[in-house]
A.B. asks: 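Before anything else, here's the structure in question.
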Amino acid sequence: MAIHLYLAQFHPRLQLHLSEVEFRHLAAACDQAVRAADMDGATRERISSAEMARLDQALDIARLPCKSYARLREHLLAQDVSKHALAALHLSATADPAYPDLREGGATEAELDARLRIAIERLDLTPLPLKEYLRDPKFLLGEKLFHDPRLSGYGDRTCATCHNLQNATSNADDLEPRLEVAPELVPEIPARNVPDLWNRDHNDVSAMLWDGRLEVEVAASLGGLSSPEGLDTSGFENLMALQSIRPVFSPVEMLGKPGPQNAIAPGGIAPLEPEDVLARLSQLLFTGEAEMSGENTGYQELFQTSYGLTRAEQISPAHIGNALAHYIEIEFQTRETPWDMYLTGDLEALTKEQKRGALVFFGVGRCSVCHSGNLFSDFGFHSVGVPDPREHKDLGRYYATGFPKDRFLFRTPPLRNITLTAPYFHNGQSNSLIDVVTQHLNPYRYSREYAETGAHLMEPAEIASISPILSSKKVVTREQMELLVKFLRSLEDRRAGQARN
């Protein structure tokens, strides 16, 4: 009888002991999810319906541990574990806002895979569709143009000058390297961090540049493209093609100061119309090529095999832009990423820490509200509270629309290869992804700071523009921030920055 009573008392204690780590972890994860869902009604009213839908998805994913927690709790109660013992364990797991129990990683890898599978299905995530890596004549033409200094007025820079392959198509500087030109040729828009070129052929890419000055609502074949500079967009195959040639006739990017020494703006071109500059470029591409050393396949042959063109006069801006875009779209696709391999069913493609980071990204971190879809961007415009210390502040989306409500808003950057393209933000303010995550979690971190002039670093209008999605209190721990960065490494093309065969 005494032995029976001893075993009856010992069994619940043993069950609690065996399940303690898992129980504490699930209790902390569930409590974190509940706190993350706390958002006042006024904030919800400021969020668009699409953002609200994605936010609800993120909160549902964050609450997945709650179901496991409830099942485990009921199981332990059925094993005669005391309610008081469970309550005490729950309290100790959730009392510290840093959630120390989450650091123990209580979930097994199989449980992480199960939760990730639910998240992937709910968000309709799929491996990135890729075009065949085919070096056809049009590709070779675009490749040649991309690396040819003759596309610049003074023959001293190429597309690859700013979109450097060794830096995964960024240039590792805070701001784009602008050329010195006359004040009237300097654009109103301040210099910005150079955007990358990855996966720009994807259908989700509806806007380009930090302020979205180039955007498309319908297919290019249906007249969906327009150029802020007034360039005729007929014949351009897509948004990337139009964007590809704009630096050529931009004085501060590639054209430089017009004058006798400028090969494609020799001073007789006034005003600087894009068509005039590009027509001059077409002539130069055909001129004197035979005398140039190192030429394998010349432009005459490439334009003929690509488009059937035999004279420079036949070349339109669209021909150049389409060839550049074709090269960019084939060359700069993120291939061989662990995340895409995981989506195809290779569960070992991600580490356990990356899986935990993915669940933070899609769940409690709420990153996927804006960094959504297979390119990890909604291609919308938001402010995350990044200050601009320059005298003339960057007004962001306002330059494209002219609407005061769009001041200080910038396009959501896609995140594939983000680990290779530092520095970050539109003004290159940060070199650290941890700092970037911290800024998102605390978008008001600079709101009270002062600039060197003694003025506030951020104007009231800048503070007011911060996205309401970021305004509620965050409960993400430091360890989870580090897990987020590890997950972002799974979006990295293992051969980015290397020549492909």
Side-chain angles (χ1 to χ4, degrees), residues 11-12 14-37 57-79 81 86 89-90 92-94 99-128 336-368 374 376 475-492 494:
H11 180 73
L14 178 62
Q15 289 295 310
L16 182 60
H17 174 74
L18 294 175
S19 304
E20 181 176 351
V21 172
E22 182 183 7
F23 185 90
R24 293 175 67 96
H25 182 86
L26 289 172
C30 183
D31 182 76
Q32 184 188 44
V34 171
R35 295 194 189 193
Q57 285 180 317
L59 297 178
D60 284 342
I61 292 167
R63 283 191 286 263
L64 289 176
C66 292
K67 297 179 180 179
S68 300
Y69 172 65
R71 285 196 298 268
L72 179 59
R73 186 175 184 279
E74 291 302 315
H75 169 74
L76 292 174
L77 289 173
Q79 299 296 316
V81 175
L86 292 180
L89 200 56
H90 178 98
S92 66
T94 60
Y99 295 104
D101 295 283
L102 291 177
R103 290 197 293 267
E104 298 179 13
T108 66
E109 196 149 6
E111 290 169 333
L112 295 175
D113 287 325
R115 293 179 199 166
L116 257 183
R117 187 161 52 248
I118 293 172
I120 289 167
E121 291 174 356
R122 290 187 181 179
L123 298 173
D124 194 26
L125 300 174
T126 59
L128 198 66
E336 301 182 42
T337 72
W339 174 244
D340 288 306
M341 294 165 63
Y342 185 84
L343 290 177
T344 62
D346 182 1
L347 299 185
E348 296 182 359
L350 300 187
T351 66
K352 185 176 182 180
E353 290 181 325
Q354 287 175 328
K355 294 173 185 179
R356 292 177 64 195
L359 287 168
V360 175
F361 184 95
F362 297 118
V364 70
R366 292 183 269 183
C367 312
S368 60
N374 292 321
F376 297 87
V475 292
V476 176
T477 68
R478 173 73 185 191
E479 189 207 16
Q480 288 175 319
M481 292 167 60
E482 293 171 351
L483 292 172
L484 278 173
V485 174
K486 290 178 179 179
F487 166 64
L488 293 176
R489 296 196 186 284
S490 75
L491 308 180
E492 185 178 305
R494 292 174 174 172

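Computed from a predicted model, the values in this text were never measured in an experiment. Just so it is clear, the values below take in all heavy atoms, side chains as well, and ignore hydrogens, waters and symmetry mates.
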A.B. asks: Measure from the side-chain N and O atoms of Glu353 to the backbone N and O of Leu483, and report whether any donor-acceptor pair falls under 3.5 Å.
C.D. replies: no

A.B. asks: Going by the rule ring pair (Phe, Tyr, Trp, His ring centres under 6.0 Å), which residues pair with Phe361 if we only count those two or more places apart in sequence or in a different chain?
C.D. replies: Phe376, Phe487

A.B. asks: If you look at every heavy atom in Cys367 and Leu484, which pair is closest and at what distance?
C.D. replies: SG-CD2, 4.0 Å

A.B. asks: Any pair with a residue in residues 18-35 that passes salt bridge (charged side-chain N to carboxylate O under 4.0 Å, His left out), sequence neighbours left out, goes on the list, sorted by first then second residue, please.
C.D. replies: Arg24-Asp101, Asp31-Arg35

A.B. asks: Would you give the length of the straight line joining atom CG of Leu26 to atom NE2 of His90, rounded to the nearest 0.5 angstrom?
C.D. replies: 11.5 Å

A.B. asks: Would you please name every residue forming a side chain to side chain donor-acceptor pair (under 3.5 Å) with Thr337, sequence neighbours left out?
C.D. replies: Asp340

A.B. asks: List for me each residue that meets side chain to side chain contact (heavy atoms under 4.5 Å, CB included) alongside Arg366, sequence neighbours excluded, and say none if there are none.
C.D. replies: Met39, Leu55, Ala58, Leu59, Val369, Ser472, Lys474

A.B. asks: Mind checking side chain to side chain donor-acceptor pair (under 3.5 Å) for Thr94 and listing every partner two or more places apart, or none if nothing turns up?
C.D. replies: none

A.B. asks: For His25, check ring pair (Phe, Tyr, Trp, His ring centres under 6.0 Å) against everything at least two apart and list the hits.
C.D. replies: none

A.B. asks: Which residues satisfy the side chain to side chain donor-acceptor pair (under 3.5 Å) test with Glu492, sequence neighbours excluded?
C.D. replies: Thr419

A.B. asks: Please, which pairs that meet salt bridge (charged side-chain N to carboxylate O under 4.0 Å, His left out) have at least one residue in residues 61-71, sequence neighbours excluded?
C.D. replies: Asp60-Arg63

A.B. asks: Not counting sequence neighbours, which residues clear disulfide (SG to SG under 2.5 Å) with Cys30? List them please.
C.D. replies: Cys66

A.B. asks: Can you name the nearest heavy-atom pair linking Arg115 to Leu64, along with the distance?
C.D. replies: O-CD1, 3.8 Å

A.B. asks: Would you list the pairs meeting side-chain hydrogen bond (donor to acceptor under 3.5 Å, both in side chains) in which at least one residue belongs to residues 119-128, sequence neighbours left out?
C.D. replies: Thr126-Asn374

A.B. asks: Do the side chains of Glu482 and Arg478 get close enough for a salt bridge, i.e. N-O under 4.0 angstrom?
C.D. replies: yes

A.B. asks: Going by the rule side chain to side chain contact (heavy atoms under 4.5 Å, CB included), which residues pair with Ala114 if we only count those two or more places apart in sequence or in a different chain?
C.D. replies: Arg117

A.B. asks: Does Gln480 have any side chain to side chain contact (heavy atoms under 4.5 Å, CB included) partners at least two apart in sequence or in another chain, and if so, which?
C.D. replies: Gln32, Leu102, Val360, Val364, Val476, Thr477

A.B. asks: Can you give me the closest heavy-atom contact between Leu112 and Ala107, atom names plus distance?
C.D. replies: CD2-CB, 3.9 Å

A.B. asks: Counting N and O atoms only, with roles assigned by atom type, does the side chain of Lys355 sit under 3.5 Å from a partner on the main chain of Leu347, one being a donor and the other an acceptor?
C.D. replies: yes

A.B. asks: Identify the heavy atoms of Ala28 and Ala93 that sit nearest to each other, and give their distance.
C.D. replies: CB-O, 3.8 Å

